[in-house]
Structure formats: structure tokens, C-alpha cells
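Residue indices begin at 1 and follow the sequence shown.
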Amino acid sequence: LMRIFFASSKIVRFDPNNEASEEEADIKTKWCNYVFLHKLKGKRIIHDFLKQLLLEKRGFISVYADDYSTPVWQEYKNISEVEFVLLGQKEGAEVSRVQVREIQVPGPPGPDGRPQMMPARLYDFMLKTIETEARICVENFMSEEFLMAPRVPDINERTPFCGRRMKRSKSELLSLGYDREDVENLPQEDQGRPDDTLRLSRFLDEDGGASSFVDRHGAAAEVWVVEGYLRVDADGDGFTELHRIVAAGGSNGVGKILEDKMVSDIGYVSARPYPMPGKFWGRSLADLVVDLQFIRSTLMRQMLDNAYLTNNPRIAVLDGEVNTDDLLVSRPGGIVRETVQGATRPLEMGTLGQAPFQLYESLQEERENRAGSTRYNQGLDASSLNQTARGISAIMTAAQARVVLIADIVAEELKRLFQLMCKCMAQSGIKKEVIRVAGKWVEFDPSEWSEELNCTVNVGVPVSQTQELIGNMM
């Protein structure tokens with residue numbers, strides 16, 4: 001799947017809908033590819049998105065633009081008093097760690113014509129300023145964070161509610177521009193509240209399923225945050241409008257509303273590899289083969305148990321005629337003391353024969369048939385009976401066709417990702433930027449972009465190149 005989406009240097013291409021939109025399509029193609037692949041680490045985002053949807057039925061990506069406030073510390077040394085005052089008068093500036101040194105500097109000339117020495121002060125200090133920058137953010141999030149209205153088949157213009165419930169530190173909320181007093185007064189989560197089952201199982205191998213509650217204080221304290229997209233008739237005109245509501249605090253994240261604004265689109269992208277008509281979650285690749293994996297694990301465990309008992313069988317003894325301590329530990333070449341010859345004998349174990357191995361192999365073939373990932377297209381079956389070029393090509397083409405089908409389904413949702421990126425750029429205050437594309441410097445000014453997209457978005461490999469792609473995979 002990664003090969004399909006990154007088969008060329010461009011993951012997305014905007015095609016103009018008319019002659020007037022040719023320049024717009026070219027600019028947005030260059031900008032989206034540059035920002036997504038270089039600034040946002042797009043390959044990692046797509047990889048995690050694909051892996052999540054194959055394992056967990058759906059993958060999720062959040063797209064939004066916001067003003068980020070970041071404290072910047074600068075150290076100044078040997079600064080004059082005038083410069084010290086001017087720097088301290090900057091908006092939002094805070095001065096700390098001030099050290100003052102008294103020195104003598106040359107002044108105006110005296111009666112003898114020589115400069116008189118005058119006292120002066122030099123300052124060493126730290127200056128903190130808050131820099132605010134508009135950024136676009138694209139990030140993966142886990143399925144246990146997602147909230148959805150019941151029996152809604154997809155995320156679209158008819159979705160009454162969907163959202164995301166996550167943990168954020170108070171420092172992060174301040175950096176997003178929320179009111180300091182509101183953030184500092186947010187209640188923390190209830191320590192005794194149990195975590196979501198999926199969240200616990202996700203980190204079972206790392207921390208043994210311990211609670212995610214961490215007792216931090218001050219700016220590092222974590223609170224639950226709910227970001228929700230809700231359709232509500234706020235103005236009473238009989239039509240629902242889409243609102244983005246952010247609430248935080250308490251044990252469920254709805255302690256206090258920090259933001260409520262009208263938006264034009266839901267900022268989430270989600271895809272499923274095997275859609276089920278009329279249902280939101282669909283099926284994952286794991287759903288297709290997990291039962292076979294359980295059977296194969298059970299069968300393999302029993303085959304190993306038989307091998308263990310064959311090599312180290314149970315022993316029948318005559319009661320009172322054998323030193324049982326010698327039998328408690330089985331070691332190669334160990335002695336067993338007996339008072340009567342033949343007081344011990346191994347219990348005969350039945351051999352499995354070829355039937356379990358044939359069943360194991362048939363389960364492997366069934367798994368390959370369900371998943372579409374065979375040993376042929378992975379280059380693992382060197383002893384295949386089908387050695388003809390046409391036979392191998394037919395098998396691999398059929399297997400790769402399933403991969404291409406999943407890619408087509410995912411590509412339709414990834415189109416929405418880049419549509420949201422362009423819309424966020426047009427709505428945000430992101431500054432003009434000059435970037436290097438294909439060896440040339442190109443200027444982008446998102447403030448001039450229209451929110452209406454007069455282009456067709458294409459993601460992945462065109463249909464005309466599918467056969468060539470399958471050939472490359474072979």
C-alpha cells in the first residue's frame with residue numbers, strides 16, 4: 001500500500017476543472033506535496049493510518065489550523081541601560097535573572113580636554129517573549145479517542161455529531177490560545193475512574209495495563225479534552241449549523257467549554273479497508289483471519305506438546321520400589337534408583353502422523369486466500385509446483401488486485417485530507433512563504449486562496465498505471 005501511494009514524488013495532484021483554475025491547481029499541488037511530505041512527515045502519517053485501518057477496522061486523521069503560542073527565551077549580555085529599558089517594553093516581554101555591573105565609561109571632555117570617566121551600568125538578563133504562529137496540523141489519533149453518533153454510516157455533511165476525546169496538558173491548551181484563567185481552573189480527572197478497555201490493552205505489553213492517570217501539577221497537569229463537531233440550530237432559523245466545540249476538565253472532558261465557533265467542515269479523515277454498507281466500522285484485515293490464527297495457534301501448541309511428551313514421556317512406576325526424587329527432575333543422563341528391575345517404564349505416546357501438518361498447511365492456504373497476501377507475491381515459496389510465468393503472473397495479479405482495491409477505497413478518503421488542508425490554509429492566517437520546488441523558488445500566499453476548491457483532487461496511482469505498478473511489485 002505504501003508503494004502505491006508513494007510510487008512517485010507526488011502523493012497528491014490537483015487537476016484544474018477549467019482553464020481559469022490551471023494556476024490554482026499547480027500551486028496547490030506543489031504546496032500540498034511540500035508541506036505534507038517535508039513539514040508534516042507525511043510518510044509516517046500515511047503509514048500509521050494504513051496500519052491502523054488494517055488492524056482496527058478504521059484509521060483516523062485530524063486536520064486543523066490554529067495559532068500556536070510558544071515562549072522563546074533569549075540571553076543578553078553587556079546590554080546598556082537604554083537598550084535594557086527598550087527590550088523590557090516589548091509587548092508580552094518578561095525579564096528575569098537580571099545581573100547589573102557598575103563600570104566606568106568615557107564621558108564629555110573636562111577642562112583639560114581629556115574625556116572624564118563616568119559611571120554606567122551593564123545588564124545581563126534573560127528575556128522571554130511569546131511568539132504566535134499560525135500552523136496547519138495533521139495528526140493520527142487512536143480509535144478509542146473517537147466519538148460518534150450511533151448508527152451513522154460515515155463522516156459527511158449529514159453527520160449529527162462526531163468528536164475526539166483526548167488528554168492534553170494545561171501548557172498545551174495555553175499554547176493554543178485559550179484563556180489562562182479558564183485553563184488554570186480546569187478540574188483534573190478523577191484518579192479512581194477506570195480507563196477505556198482498548199486504551200489499557202494497547203499498552204499492556206509496556207506497562208502491564210496500568211491506569212494512564214499521572215498525578216502532575218501546575219502547567220504539566222493533564223486534563224481530558226473533548227473536541228466535538230455538532231450540528232445545532234443555534235440561531236433558531238430552523239436550519240442546523242456545524243459548530244466546533246472544545247470542552248475540557250473533569251473525568252469526562254466536559255467540565256468547561258473553551259471554544260464554540262461555527263465551521264464549514266468536520267476536520268476528521270477516516271477510512272476502512274473493507275466497508276460494510278450502512279455501517280460505520282466495516283471490517284479489518286485482522287477480522288478476516290483472526291479465527292484462523294486462533295486455530296493455527298491451538299494446533300501448533302498441541303503439536304509442540306506432543307513433541308515435548310515424545311522426547312520426555314511420562315513415567316509409570318511401582319509404588320515403593322523407585323526413588324521418586326530422581327524422577328522429579330528430568331535431565332539427560334540422569335540416574336533413577338530402583339529396588340526392583342523394571343520398576344519404571346515410559347508411557348507410550350501416540351504419534352500425530354501427517355494429518356495435523358496437512359491441516360496446518362491448509363489453514364495457511366485459507367489465510368492467504370482470505371487476506372490476498374500469498375507466498376507467491378512475497379517471494380517465499382521457492383518450491384512452488386506452479387513454475388510457469390503465466391501461472392505465477394495470474395496468481396500475483398489477482399493478489400495485488402485486492403491491494404489495489406483497498407488503495408482505491410483509502411485514496412477516496414485521502415482526497416478529503418488534502419481538501420481540508422487547502423481549506424484550513426485559506427481560513428488561517430498563515431504567512432506568505434517561499435519554498436524550493438523542483439530546483440526553483442516558488443512563493444505561496446495562502447491568504448489569497450479561495451475556500452472553494454476549483455480543482456479535482458487525485459491521490460495515489462492513476463488507473464492507467466495500475467498494471468505497471470503490479471508489474472513492479474512482481
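Both tests hold for Lys43 against Phe6: distance to the six-membered ring centre under 6.0 Å, angle to the ring axis within 45°. The cationic atom of Arg272 (NZ for Lys, CZ for Arg) does not lie both less than 6.0 Å from the six-membered ring centre of Trp281 and within 45° of the ring axis.
Using a cutoff of 4.0 Å between basic side-chain nitrogens and carboxylate oxygens, Asp15 and Arg13 are scored as salt-bridged. Look at Asp124 and Arg101 and you find a salt bridge, because one of the NZ, NE, NH1 or NH2 atoms lies within 4.0 Å of a carboxylate O, short of that distance. Taking 4.0 Å as the cut-off between side-chain N and carboxylate O, Arg231 and Glu241 do not count as a salt-bridged pair. Salt bridge Glu222/Arg168: absent, no basic N to carboxylate O contact under 4.0 Å. Glu145 has no carboxylate O lying under 4.0 Å from a charged side-chain N of Arg165, or vice versa, which leaves the two without a salt bridge. Taking a cutoff of 4.0 Å between a charged side-chain nitrogen and a carboxylate oxygen, Lys170 and Glu184 do not qualify as a salt bridge.
The salt bridge (Lys or Arg N to Asp or Glu O under 4.0 Å) test applied to Lys279 returns no partner, not counting sequence neighbours. Here Phe14 pairs with nothing under the ring-ring contact (aromatic ring centres under 6.0 Å, His included) rule; sequence neighbours left out. Partners of Tyr76 by side chain to side chain contact (heavy atoms under 4.5 Å, CB included), not counting sequence neighbours, listed by chain and number: Gln74, Ile79, Leu87, Phe125, Leu127. Not counting sequence neighbours, the partners of Ile136 by the side chain to side chain contact (heavy atoms under 4.5 Å, CB included) test are Trp31, Val35, Met421, Cys424, Met425, Ile430. Take Tyr64 and apply the ring-ring contact (aromatic ring centres under 6.0 Å, His included) test, not counting sequence neighbours, and it matches no residue. Considering only residues two or more places apart in sequence or on other chains, Glu19 meets the salt bridge (Lys or Arg N to Asp or Glu O under 4.0 Å) condition with none of them. Remark: Arg416 pairs with Asp265 by the side chain to side chain donor-acceptor pair (under 3.5 Å) rule, at least two apart or across chains. Partners of Tyr123 according to the side chain to side chain donor-acceptor pair (under 3.5 Å) rule, which considers only residues two or more places apart in sequence or in another chain, do not exist here. Remark: Asp179 engages no residue in a side chain to side chain donor-acceptor pair (under 3.5 Å) (not counting sequence neighbours). Taking Tyr274 as the reference, nothing meets the ring-ring contact (aromatic ring centres under 6.0 Å, His included) condition, with sequence neighbours excluded. Qualifying side chain to side chain donor-acceptor pair (under 3.5 Å) partners for His47, counting only residues two or more places apart in sequence or in other chains: none.
Formation of a donor-acceptor pair under 3.5 Å by the Asp26 side chain with backbone atoms of Glu22 is not found in this model. Between the side chain of Asn140 and the backbone N or O of Ile45, at least one donor-acceptor pair lies under 3.5 Å. Side-chain atoms of Thr132 do not come within 3.5 Å of backbone N or O of Tyr68 as any donor-acceptor pair. At distances below 3.5 Å, not a single donor-acceptor pair connects side-chain atoms of Asp182 with backbone N or O atoms of Leu186. Between the side chain of Glu172 and the backbone N or O of Ser169, at least one donor-acceptor pair lies under 3.5 Å.
Distance CZ/Phe60 to CZ/Arg164: 11.0 Å, rounded to 0.5 Å. The distance from the CG atom of Leu363 to the CD1 atom of Ile295 is 6.0 Å, given to the nearest 0.5 Å. To the nearest 0.5 Å, atom CD1 of residue Ile266 and atom OH of residue Tyr229 are 8.0 Å apart. To the nearest 0.5 Å, atom CD1 of residue Ile11 and atom CD1 of residue Ile4 are 12.0 Å apart. Rounding to the nearest 0.5 angstrom, the gap separating the CD1 atom in Ile46 from the CG atom in Leu37 is 9.0 Å. Going from atom CD1 of Ile406 over to atom CG of Leu285 covers 6.5 Å, rounded to the nearest 0.5 Å.
Ring centroids of Phe146 and Phe280 are separated by less than 6.0 Å, placing the two rings close together. Between Tyr268 and Phe141, the ring center distance clears the sub-6.0 Å criterion.
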Margin query: Under the criterion side-chain contact (heavy atoms from CB on, under 4.5 Å), I'd like the reasoning laid out for Val457 against Val12: C-alpha separation, chi angles, the key distance, then a yes or no.
Written below: CA-CA 7 Å; Val457 186; Val12 62; 3.6 Å; yes
Next item on the list: Show the numbers, then the answer: is there a side-chain contact (heavy atoms from CB on, under 4.5 Å) between Glu131 and Ser69?
Entry: CA-CA 6 Å; Glu131 292 188 356; Ser69 299; over 6 Å; no
Note to self: Run Arg244 and Glu259 through side-chain contact (heavy atoms from CB on, under 4.5 Å) and show every step you take.
What the structure shows: CA-CA 8 Å; Arg244 178 178 180 264; Glu259 179 183 348; 3.0 Å; yes
Next item on the list: Apply side-chain contact (heavy atoms from CB on, under 4.5 Å) to Gln52 and Ser143, showing your working.
Entry: CA-CA 9 Å; Gln52 183 185 17; Ser143 53; 4.2 Å; yes
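In this structure the side chain of Ser270 never reaches within 4.5 angstrom of the side chain of Glu413, judged on heavy atoms. You'll find the side chain of Pro273 stays beyond 4.5 Å of the side chain of Val410, heavy atoms only. Between Met2 and Leu50 there is a side-chain heavy-atom pair separated by less than 4.5 Å. Val226 is not listed as a side-chain neighbour of Val246, based on a closest heavy-atom distance of 4.5 Å or more. Side-chain contact between His243 and Val263: absent, with no pair of heavy atoms (C-beta onward) separated by less than 4.5 Å.
Under a cut-off of 6.0 angstrom, the local environment of CD in Glu181 is sparse, with at most 12 non-hydrogen atoms contributed by other residues, nucleotides or ligands. Atom CD of Glu102 is surrounded by more than 12 heavy atoms from other residues, nucleotides or ligands within 6.0 Å. Atom CE of Met126 has more than 12 heavy atoms from other residues, nucleotides or ligands within 6.0 Å. Around the NZ atom of Lys10, the shell of radius 6.0 Å holds no more than 12 heavy atoms that belong to other residues, nucleotides or ligands.
No donor-acceptor contact under 3.5 angstrom links the side chains of Ser62 and Glu139, judged on distance only. Of the N and O atoms on the side chains of Ser80 and Glu83, at least one donor lies less than 3.5 Å from an acceptor on the other residue. Side-chain contact, Ser284 with Asp287: a donor N or O sits under 3.5 Å from an acceptor N or O.
Sorted by first and then second residue, the salt bridge (charged side-chain N to carboxylate O under 4.0 Å, His left out) pairs involving residues 151-160 (not counting sequence neighbours) are Arg58-Asp154.
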